Engineer: 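Have a look at the structure that comes next, please.
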Amino acid sequence: MDLKELERYFRLLNRSFFVEGIMKKYADLDEPLPIGFGQTISQPSLVLYMTRLLAPEKDSKVLEIGTGSGYQTAILAKMSAKVYTVERIEELMKKAKKRLEELGFSNIYFKVGDGSKGWQEYAPYDRIMVTAAAGVLPDKLVEQLANGGRMVIPIGPRHLQELKLITKEDHGQIKMETFGKVRFVELKGEYGWSGKD
Ligand code: SAM
């Protein structure tokens, strides 16, 4: 990954474009902000950190789970060949899609649905970025990661999780490393938290 290009685009991308109303005033803060429906846009420094960990290449096919505002999606789309992004809340997805089209991206594919199951149709993916927290590593996402691929995902209890980098080696063996504590909204769905947990 070209780190200089990532940092240049990160500085260029205006976060206020991805939030609404009064939140635009706070867009420059390095804090998560509400985007409606009980969801948040992540803290910019964490978006940058997670993108560096994921390390997408110019020819990477990326799966993103949790489109949210589309902010992280824009950065992934700038740094890779194609991004497949899944969001469970239709209203958030519609707004994110409009923003990303306005920015001129034509390499992003959108799906409303349960991203804890991945997006089987286009698997395997070279990179998987999960921007909501799972209780355990979702099997379906591991299955859809290409050999030699990388996945970044917060895993742990609801109030505080660990940021994990999952690497699938060339022969398919899985390696898991931890990169500090984070706090994300829940990954809901069949391989995430159910409404009843
Ligand atoms: N990366 C986003 C951004 O830059 O704005 C922020 C993502 S927000 C922290 C987490 C998102 O994951 C929410 O929009 C939430 O609706 C979504 N989400 C939670 N569970 C999901 C699931 N099973 N499938 C798809 N999206 C899910």
Side-chain angles (χ1 to χ4, degrees), residues 6 9-10 13-20 23-24 26-27 29-54 56 62-80 83-100 103 105 108-122 125 127-141 144 151-156 158-161 163 182-197:
L6 170 63
Y9 189 64
F10 177 75
L13 192 62
N14 188 350
R15 198 165 75 128
S16 71
F17 182 62
F18 295 87
V19 293
E20 296 180 325
M23 287 305 146
K24 287 192 182 289
Y26 302 107
L29 298 178
D30 192 28
E31 300 284 345
L33 295 174
I35 54 171
F37 307 92
Q39 306 303 321
T40 52
I41 181 172
S42 306
Q43 184 180 345
S45 57
L46 183 56
V47 171
L48 182 63
Y49 184 66
M50 288 172 70
T51 310
R52 290 172 73 148
L53 268 186
L54 191 74
V62 179
L63 174 66
E64 181 194 37
I65 308 302
T67 318
S69 67
Y71 176 66
Q72 169 79 82
T73 321
I75 295 173
L76 293 174
K78 182 73 182 176
M79 301 305 296
S80 58
V83 178
Y84 294 81
T85 187
V86 186
E87 170 58 55
R88 59 185 280 276
I89 301 175
E90 190 170 2
E91 291 84 345
L92 287 179
M93 177 59 98
K94 273 191 193 151
K95 289 180 190 179
K97 185 168 188 277
K98 187 164 175 283
R99 291 180 188 121
L100 293 160
L103 289 177
F105 286 108
I108 306 174
Y109 304 87
F110 301 87
K111 180 178 173 175
V112 174
D114 177 7
S116 75
K117 296 191 282 193
W119 192 344
Q120 184 65 54
E121 202 180 344
Y122 299 102
Y125 301 94
R127 301 287 185 270
I128 301 182
M129 175 70 95
V130 186
T131 65
V136 292
L137 180 61
D139 289 347
K140 280 284 165 200
L141 296 184
Q144 291 174 30
M151 168 168 26
V152 172
I153 178 169
I155 298 183
R158 283 189 160 109
H159 56 283
L160 193 65
Q161 305 92 31
L163 189 61
V182 287
R183 185 178 298 185
F184 272 85
V185 296
E186 290 164 21
L187 178 76
K188 306 267 192 197
E190 195 175 331
Y191 293 83
W193 297 99
S194 77
K196 298 186 258 54
D197 296 309

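Indexing begins at 1, ligand by ligand and atom by atom, following the structure's order. All values below were derived from every heavy atom in this structure, side-chain atoms included, with hydrogens, water molecules and symmetry-related copies excluded. Fair warning: this is a prediction, and the values are worked out from it, not measured in the lab.
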Engineer: Could you check whether atom CZ of Arg183 has more than 12 heavy atoms from other residues, nucleotides or ligands sitting under 6.0 Å from it?
Structural biologist: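 For Arg183, atom CZ is not crowded (no more than 12 foreign heavy atoms under 6.0 Å).
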Engineer: Considering Ser69, Ala133, Pro32, which one's heavy-atom position lies nearest to atom 3 (C) of ligand 1?
Structural biologist: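 Among Ser69, Ala133, Pro32, the closest heavy atom to atom 3 (C) of ligand 1 comes from Ser69.
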Engineer: If you look at every heavy atom in Arg99 and Phe17, which pair is closest and at what distance?
Structural biologist: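 Arg99 and Phe17 have their closest heavy atoms at NE-O, 3.2 Å.
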Engineer: Suppose I only count heavy atoms of Ser116 and a 4.0 Å limit; which atoms of ligand 1 are within that range?
Structural biologist: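 Once the distances to Ser116 are compared, the set is 23 (N).
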Engineer: Quick one: list whatever passes side chain to side chain donor-acceptor pair (under 3.5 Å) with Lys78, sequence neighbours left out.
Structural biologist: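 Lys78 satisfies side chain to side chain donor-acceptor pair (under 3.5 Å) with no residue once adjacent residues are dropped.
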Engineer: Between Thr73 and Thr67, does any side-chain donor sit less than 3.5 Å from a side-chain acceptor?
Structural biologist: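 There is no such pair (donor and acceptor under 3.5 Å, judged by atom type) between the side chains of Thr73 and Thr67.
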Engineer: Any donor and acceptor pair, going by atom type alone, linking the side chain of Arg15 with main-chain N or O of Tyr71 inside 3.5 Å?
Structural biologist: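 No, Arg15 side chain to Tyr71 backbone: no donor-acceptor pair under 3.5 Å.
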Engineer: Quick one: does Ala96 get within less than 4.0 Å of ligand 1, heavy atoms only?
Structural biologist: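 Heavy atoms of Ala96 never come under 4.0 Å of ligand 1.
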Engineer: Specify the protein heavy atom at minimum distance from atom 12 (O) of ligand 1: its residue, its atom name, and the distance to 0.1 Å.
Structural biologist: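 That would be Gly66 CA, 3.3 Å.
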Engineer: Can you confirm whether the side chains of Gln72 and Thr51 place a donor and an acceptor under 3.5 Å from each other?
Structural biologist: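 Looking only at side-chain atoms, Thr51 and Gln72 do form a donor-acceptor pair, the distance falling under 3.5 Å.
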Engineer: Within ligand 1, which atoms have a heavy atom of Ile89 less than 4.0 Å away?
Structural biologist: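 Every atom of ligand 1 under 4.0 Å from some heavy atom of Ile89: 16 (O).
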Engineer: Listing request: all salt bridge (charged side-chain N to carboxylate O under 4.0 Å, His left out) pairs with a residue in residues 64-74, at least two apart in sequence or in separate chains.
Structural biologist: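 Qualifying pairs, neighbours excluded: none.
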Engineer: For Leu92, take its heavy atoms, then give the atoms of ligand 1 lying under 4.0 Å from any of them.
Structural biologist: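 Under 4.0 Å from Leu92, ligand 1 has these atoms: 14 (O).
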Engineer: Tell me, which protein residue and heavy-atom name are nearest atom 24 (N) of ligand 1, and how many Å apart are they?
Structural biologist: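 Result for atom 24 (N) of ligand 1: Gly115 N, 2.7 Å.
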Engineer: Where is the nearest protein heavy atom to atom 6 (C) of ligand 1: which residue, which atom, and how far?
Structural biologist: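 In this structure, atom 6 (C) of ligand 1 has Thr40 O, 3.3 Å as its nearest protein heavy atom.
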Engineer: Identify the protein heavy atom lying closest to atom 1 (N) of ligand 1, giving its residue, its atom name and the separation to 0.1 Å.
Structural biologist: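 Protein heavy atom at minimum distance: Thr131 OG1, 3.3 Å.
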Engineer: Which ligand 1 atoms are under 4.0 Å away from a heavy-atom of Ile41?
Structural biologist: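 Going through ligand 1 atom by atom, the ones under 4.0 Å from Ile41 are 5 (O).
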Engineer: Keeping the roles fixed (side chain from Glu190, backbone from Ser116), state whether a donor-acceptor pair exists under 3.5 Å.
Structural biologist: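 Flag not set: sc Glu190 to bb Ser116 has no pair under 3.5 Å.
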Engineer: If the contact criterion is a heavy-atom separation under 4.0 Å, does Gly192 count as touching ligand 1?
Structural biologist: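 False for this residue.
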Engineer: Under 4.0 angstrom from ligand 1, any heavy atom of Thr67?
Structural biologist: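 Distance cut 4.0 Å: Thr67 passes for ligand 1.
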Engineer: Please report which non-hydrogen protein atom sits nearest to atom 14 (O) of ligand 1, along with the residue it belongs to and the distance in Å to one decimal place.
Structural biologist: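 In this structure, atom 14 (O) of ligand 1 has Glu87 OE1, 2.7 Å as its nearest protein heavy atom.
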Engineer: What part of Leu187, side chain from CB on, backbone N/CA/C/O, both or neither, has a heavy atom under 4.0 Å from ligand 1?
Structural biologist: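 Both the backbone and the side chain of Leu187 come within reach of ligand 1.
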Engineer: Does ligand 1 have an atom that lies less than 4.0 angstrom from a heavy atom of Glu186?
Structural biologist: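 So Glu186 counts as touching ligand 1.
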Engineer: With heavy atoms of Gly113 as the reference, note each atom of ligand 1 found under 4.0 Å away.
Structural biologist: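 Going through ligand 1 atom by atom, the ones under 4.0 Å from Gly113 are 24 (N), 25 (C).
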Engineer: Checking the N or O distance criterion of under 3.5 Å, is ligand 1 in contact with Gly189?
Structural biologist: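 Such a contact does not occur with ligand 1.
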Engineer: May I ask you to decide whether Lys111 forms a salt bridge with Glu121, counting only side-chain N to carboxylate O separations under 4.0 Å?
Structural biologist: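 Judged by the 4.0 Å cut-off on N to carboxylate O distance, Lys111 and Glu121 do not form a salt bridge.
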Engineer: How about OH on Tyr26, more than 12 heavy atoms from neighbouring residues, nucleotides or ligands closer than 6.0 Å, or not?
Structural biologist: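 No.
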Engineer: Any sub-3.5 Å donor-acceptor pair from Glu87's side-chain atoms to Ile89's backbone N or O?
Structural biologist: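 A pair under 3.5 Å: yes.
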Engineer: Nearest heavy atom to atom 27 (C) of ligand 1 wins, so pick from Gln39, Gln72, Arg88, Lys188.
Structural biologist: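 Of the listed residues, Arg88 has the closest heavy atom.
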